[in-house]
Every structure is written in C-alpha cells, then in structure tokens.
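Structure first, then comments.
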Amino acid sequence: MKKRQVVVKREYSMPSSAMGNVRYGECQKNHAANTGGYAVDGCREFMASAGEGSSAALTCAACGCHRNFHKREVLHGVN
C-alpha cells in the first residue's frame with residue numbers, strides 16, 4: 001500500500017483596512033550571530049530603497065537589511 005502526501009494550500013489575505021496601518025521600526029538583525037555574539041546596527045526605522053513594486057522596495061536604505069529584520073508595528077485606530 002502506497003502512502004500519499006496531501007498538500008493543502010491556503011491563501012491568507014489582510015483586510016484592506018489593515019494594509020496601510022503598518023510601520024516598520026528598528027532593525028533587529030544580529031550582525032554578530034556567526035561569532036556567537038550579539039550586535040545590532042542601530043537603524044531606527046525602515047526606509048525603502050526604491051519605489052513600491054520593485055525588489056529594492058524591500059531593502060532598507062539606511063542599513064541595507066531586508067524589511068523582515070525590522071520590527072513590524074501595527075498601528076490601531078489610524079485611518
């Protein structure tokens with residue numbers, strides 16, 4: 001009897017009201033992880049390197065890190 005693997009794909013979408021209410025704060029990338037230490041670069045806020053829609057839009061102009069390394073803050077009550 002053969003075993004079969006089942007893969008379920010789900011699409012998650014954010015409500016349209018929450019899309020513009022996100023801010024990316026300080027960079028949390030540990031630049032000394034490969035030596036066993038802990039050191040952050042001090043970047044205080046994500047600034048996109050290029051306009052929306054390009055691959056450079058996900059790179060920070062200040063520190064060069066990807067947007068995922070920056071603390072994501074959801075702003076509530078902002079319209």
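Looking only at distances, no side-chain donor or acceptor of Thr59 sits under 3.5 Å from a matching main-chain atom of Ser49. Side-chain atoms of His70 come within 3.5 Å of backbone atoms of Gly25 as a donor-acceptor pair (strictly under, hydrogens ignored).
Considering only heavy atoms from C-beta on, Cys43 stays 4.5 Å or farther from Cys65 through its side chain. Arg23 is listed as a side-chain neighbour of Glu45, based on a closest heavy-atom distance under 4.5 Å. Looking at heavy atoms from C-beta onward, Lys29 lies out of side-chain contact with Asp41 at the 4.5 angstrom threshold.
Atom NE2 of His66 and atom SG of Cys27 lie 12.0 Å apart (nearest 0.5 Å). Atom-to-atom distance recorded for Met47:CE and Cys63:SG is 8.5 Å, nearest 0.5 angstrom. Annotation: the span from Leu58 atom CG to Phe46 atom CZ amounts to 6.5 Å, rounded to 0.5 Å.
Within a 6.0 Å sphere centred on CZ of Phe69, other residues, nucleotides and ligands contribute 12 heavy atoms or fewer.
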